[in-house]
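Everything on this sheet refers to the single structure shown next.
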Amino acid sequence: KNEVEQSPQNLTAQEGEFITINCSYSVGISALHWLQQHPGGGIVSLFMLSSGKKKHGRLIATINIQEKHSSLHITASHPRDSAVYICAVRMYSGGGADGLTFGKGTHLIIQP
Amino acid sequence: DSGVTQTPKHLITATGQRVTLRCSPRSGDLSVYWYQQSLDQGLQFLIQYYNGEERAKGNILERFSAQQFPDLHSELNLSSLELGDSALYFCASSVAGGLGGWETQYFGPGTRLLVL
């Protein structure tokens with residue numbers, strides 16, 4: 001079982017729709033990241049969360065530490081939002097240092 | 001443009017060979033991270049360096065090694081290459097390297113490695 005689960009795996013929506021992508025994790029974490037990967041392969045960091053909610057333009061990210069769950073919302077979606085959205089967490093580790101652990105990604109297509 | 005550069009963009013080589021991937025972090029960033037993205041495994045953290053020293057290790061194979069030089073650029077060395085090493089290799093950097101979790105990481109464009 002993956003420690004970071006995303007849903008849905010694939011999502012196709014019409015322009016203007018409200019989009020929600022979910023991320024659940026099974027271990028304690030110190031931070032959660034949302035990344036966007038464009039069709040060309042480039043990766044952009046969208047948000048880093050340790051609690052609460054963050055907003056940037058049409059993107060909103062929330063996290064519920066108790067429920068081990070985060071959501072990424074896109075309002076007024078546009079075809080240029082079409083990309084793979086990846087959730088990544090930094091887990092607590094008794095040994096100390098850990099890098100990020102990634103979900104499999106959600107492939108989003110926004111149709112005009 | 002993230003400010004992180006990676007060379008080469010593409011690399012085609014044969015099994016058993018050795019290659020070196022290079023990463024230059026954003027100006028002022030002390031931490032460099034290496035990630036591998038393959039079709040079957042997705043994105044995986046390989047290793048992190050902070051100011052020249054290894055800070056964290058992930059799923060990096062013994063055939064792979066990395067280092068960070070005094071000018072803060074980093075190299076990932078892949079040896080005895082196998083077909084399964086074909087993947088996209090990303091480098092990312094961050095300002096101080098709080099164990100990867102507390103800082104925004106800026107990703108380079110990646111190096112696409114194909115092992116034939």
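It should be emphasised that the depicted structure is a prediction, and the values quoted were computed from it without experimental measurement. Proteins come first, then strands; the chains are lettered A, B, ... in the order of their sequence lines, and each starts at number 1.
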Take Gln105(B) and Met48(A) through the test side chain to side chain contact (heavy atoms under 4.5 Å, CB included) and record every step on the way to the result. CA-CA 9 Å; Gln105(B) 295 184 26; Met48(A) 181 183 59; over 6 Å; no

Identify which part of Asp1(B) has an atom lying under 4.5 Å from any heavy atom of chain A, answering side chain, backbone, both or neither. neither

Is it the case that one hydrophobic cluster holds both Trp34(B) and Ile60(B), taking links as side-chain heavy atoms less than 4.5 Å apart, direct or via other members? yes

Is Leu43(B) in contact with chain A via its backbone, its side chain, both, or neither, using a 4.5 Å heavy-atom distance? both

Spacing of Leu46(A) atom CG and Thr104(B) atom OG1 [to the nearest 0.5 Å]: 10.0 Å

Is there a side-chain contact between Leu100(A) and Tyr35(B), using heavy atoms and a 4.5 Å cut-off? yes

Chain A heavy atoms under 4.5 Å from Phe90(B): which part of the residue, side chain, backbone, both or neither? side chain

Under 4.5 Å between side-chain heavy atoms, counting indirect links through other Ile/Leu/Val/Met/Phe/Trp/Tyr residues: same cluster for Leu30(B) and Tyr49(B) or not? no

If hydrophobic clusters are built from ILVMFWY residues whose side chains come within less than 4.5 Å, do Tyr89(B) and Phe107(B) share one? no

Please check if Leu72(A) and Ile60(A) belong to a single hydrophobic cluster, counting links between Ile, Leu, Val, Met, Phe, Trp and Tyr side chain heavy atoms closer than 4.5 Å. no

Is it the side chain or the backbone of Gln41(B) that comes within 4.5 Å of chain A heavy atoms, both, or neither? backbone

Would you name the heavy atoms of Leu88(B) and Gln37(A) that are closest together and state the gap between them? CD2-NE2, 4.3 Å

Mark yes when over 12 heavy atoms from residues, nucleotides or ligands other than Arg112(B) sit less than 6.0 Å from its CZ; otherwise mark no. no

Indicate if Leu81(B) and Leu11(B) have the same hydrophobic cluster label, given that clusters are the connected sets of ILVMFWY residues with side-chain heavy-atom separations under 4.5 angstrom. yes

Quick check: are there more than 12 heavy atoms from other residues, nucleotides or ligands sitting under 6.0 Å from CD of Gln9(A)? no

Is the distance between the ring centroids of Phe102(A) and Phe45(B) under 6.0 Å? no

